[in-house]
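Report on the structure given below.
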Amino acid sequence: MTGLNRQRIADWLQTEAKEQTISVSGWVRTKRGNKELAFIAINDGSTIHSLQVVAELNRFSDDLLKTVQTGCSIEVHGKLVASQGSGQAVELLAEKMEVLGEADPEKFPLQKKKHSLEFLREIAHLRPRTNTFGAILRIRHALAFAIHKYFNDRHFYYVHAPILTGSDAEGAGEMFRVSVLDPANPPRKEDQSVDFSQDFFGKEANLTVSGQLEAELAALALSRVYTFGPTFRAENSNTARHLAEFWMIEPEMAFFDLNDNMDLAEDFLKYLIRYALENCADDLAFLEKRQLEEESQLKKEERSAMSLTDKLKFVVENEFERLTYTIAVSILEKSGKKFEFPVKWGIDLQSEHERYLVEKHFKKPVILTNYPKEIKAFYMKQDEDGKTVRAMDVLFPGIGEIIGGSQREESYEKLSTRIDELGIHRDSLWWYLETRQFGTVQHSGFGLGFERLVLFVTGMSNIRDVIPFPRTPKNLEF
Ligand code: 4AD
Ligand code: MG
């Protein structure tokens, strides 16, 4: 059978063995054996488990057997039988074997020994062939699917926000410029500054940092919408939680206030984690075991307090703690802990502060609200006190901020004044301001960093290991 009708290894591993003749194709993970038999593990990416092929050496030529090596692609035809060995229910007794593409064992970098994650990043074109990255990619897929399912089942519309933009949604100035001008010799204005009116779009253009502003336009017509697309940040953060290109999910809802927004964020995250627990059990079990092995080298106090699946269940089963930024700051001040960045009201919380609240103080996910307006974006709804805004950040163990969102300022006057106070170019936002002049309503939304979610669910420790091809400062291979 070919094409879509072809059964995958995942299917055969769940089939009752009745000596039926089948063919499978995949990549050889390992080959071992004795004088009479070769045991070849093949994997086609449909599951973490490989199918064991048993080949009697006298049925096959030495030349063929020599080319069956870790990394080669192979097609095997034979009988599916109940396995003699432990560890698998079925195995394939080979009758015909064909090596489709050889892999020179002297050169193929993924030999059986354990490889560091750093090394695997250097061979990101091959790392999907490892158990770890196969599991991560399948979980990443499942989560993306679950996101669309969650919103579709709740009557949200998927809108596609543009990637090329003339505005800075977050106002943080961390954008990648897009230009077709000759960098060596750009057209210049009289004052010698670059004349972007001669550029492709007739003005300065960038890759978007967020689809939110366009999502708001759609929510103010369709009521409940979400975006799910790539976003770009040119911040020079070489951390285990930042990427220059990452995917963001941004729901935006008319008639929602901050409490509705928090309820949605909590329900959404719990749904996604539950979905992974129910649909990715084999891959999670593999990653959990992997984490235990990795951590067995560490001192007891450095190991995770909970196993991966216990940690995921813990989030699903507990209510998130909700409190204001102001209360959080006083908890941090009273903690007596020496932070690298000292705490006082008004500072932007660092990951060490967020993790203290989540991991040490409350021991569960936390939603902080009502941040000082100076450290948040211009579009957030202003509180009556004139000092804070109706922001919310959801903080997770091991991750820190996983979601950032807010109720939006729906008053034209207040929004307009804030834009001027911050010195933002009104010309690039006239359309956004008009929504507050024509039928404005209370509305709210948030952004979930997709890779931070995948990081949490897989229990990996570096965000570069949960996206197929990470983009970070000085890193644009593949
Ligand atoms: O908090 P942020 O900057 O919020 C926004 O962009 C809003 N427009 C969202 C909204 O209200 N619609 O980013 C949202 C989330 C963060 O909480 C984090 O999970 C993720 O995006 N994020 C990153 N993930 C990976 N690498 C980076 N450099 C990230 N920056 C933000
Ligand atoms: Mg944020």
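In this text, all values refer to a predicted model and were calculated from it rather than measured experimentally. When a ligand or atom number is given, it counts from 1 through the structure's own listing order. Heads up: numbering here begins at 1 and tracks the sequence.
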Considering non-hydrogen atoms of the protein only, which is the closest contact for atom 18 (C) of ligand 1, and what is the distance?
Arg452 NH1, 3.6 Å
Option whose closest heavy atom lies nearest to atom 2 (P) of ligand 1, chosen from Glu174, Arg233, Gln407:
Arg233
What I want to check is whether the side chains of Ser304 and Glu295 have a donor and an acceptor closer together than 3.5 Å.
yes
I need the nearest protein heavy-atom contact for atom 4 (O) of ligand 1: residue, atom name and distance, please.
Glu170 OE1, 4.0 Å
Heavy-atom distances under 4.0 Å decide this one: backbone, side chain, both or neither, for Glu235 against ligand 1?
side chain
Hey, what do you get for CE (Met175) to CZ (Arg177), rounding to the nearest 0.5 Å?
8.5 Å
for atom 26 (N) of ligand 1, nearest protein heavy atom and its distance come out as Leu243 N, 2.9 Å
Out of all atoms in ligand 1, which are within 4.0 Å of some heavy atom of Gly404? Include the element for each.
1 (O), 9 (C), 10 (C), 11 (O), 17 (O)
Heavy-atom closest contact (Gln442 atom, Phe256 atom, distance):
CG-O, 3.5 Å
Looking only at distances, please establish whether an N/O atom of ligand 1 is found under 3.5 Å from an N/O atom of Val209.
no
Can a side-chain donor-acceptor contact be found between Asp420 and Thr417 if the only test is distance below 3.5 angstrom?
no
Establish, from distance only, whether the side-chain atoms of Glu216 and Tyr379 form a donor-acceptor pair under 3.5 Å.
no
Students should be able to answer this: which protein heavy-atom is nearest to atom 1 (O) of ligand 1, and at what distance?
Glu401 OE2, 2.9 Å
Using a 4.0 Å cut-off to any heavy atom of Arg241, which atoms of ligand 1 qualify?
25 (C), 26 (N)
Give the ring-plane orientation class for Phe446 versus Phe268, where under 30° counts as parallel, over 60° as perpendicular and anything between as tilted.
tilted
Is there a side-chain contact (heavy atoms from CB on, under 4.5 Å) between Arg452 and Leu243 once you walk through the steps?
CA-CA 10 Å; Arg452 295 211 182 155; Leu243 291 164; over 6 Å; no
For atom 24 (N) of ligand 1, what's the nearest protein heavy-atom neighbour? Residue, atom name and distance, please.
Phe246 CD1, 3.5 Å
Ligand 1 versus Phe446, non-hydrogen atoms closer than 4.0 Å: side chain, backbone, both, neither?
backbone
Students should be able to answer this: which protein heavy-atom is nearest to atom 15 (C) of ligand 1, and at what distance?
Gly447 O, 3.6 Å
So which bit of Asp393 gets within less than 4.0 Å of ligand 1, heavy atoms only: side chain, backbone, both or neither?
neither
Mark up the atoms of ligand 1 that fall under 4.0 Å of a heavy atom belonging to Tyr379, in ascending order.
7 (C), 8 (N)
Under 4.0 Å from ligand 1, counting heavy atoms only, is it the side chain of Thr231, its backbone, both or neither?
neither
Could you tell me which N, O or S atom of Glu401 is nearest to the Mg ion (ligand 2)?
OE2
Classify the ring geometry between Phe145 and His141 as parallel (under 30°), tilted (30 to 60°) or perpendicular (over 60°).
parallel
Report yes if Ile463 has an N/O atom closer than 3.5 Å to an N/O atom of ligand 1; otherwise report no.
no
Atom 19 (O) of ligand 1 - nearest protein heavy atom and its distance:
Ile402 O, 2.8 Å
Looking only at non-hydrogen atoms, find the nearest pair between Leu312 and Phe456 and report the distance.
CD2-CE2, 3.6 Å
Whether the Asp168 and Asn206 side chains hold a donor-acceptor pair (N or O, under 3.5 Å, no angle test) is what I'd like checked.
no
Would you please classify the geometry between the Tyr325 ring and the Tyr371 ring as parallel, tilted or perpendicular, with 30° and 60° separating the classes?
tilted
Please identify which atoms of ligand 1 are closer than 4.0 Å to at least one heavy atom of Gly405.
11 (O)
Would you call Glu421 and Arg418 a salt bridge, taking side-chain N to carboxylate O under 4.0 Å as the test?
yes
Please identify which atoms of ligand 1 are closer than 4.0 Å to at least one heavy atom of Arg408.
10 (C), 11 (O), 12 (N)
Salt-bridged, Glu410 to Lys381, with N to O below 4.0 Å?
yes
Between ligand 1 and Glu250, is the shortest N or O to N or O distance under 3.5 Å?
yes
Which residue and heavy atom of the protein sit nearest atom 20 (C) of ligand 1, plus the separation
Gly449 CA, 3.6 Å
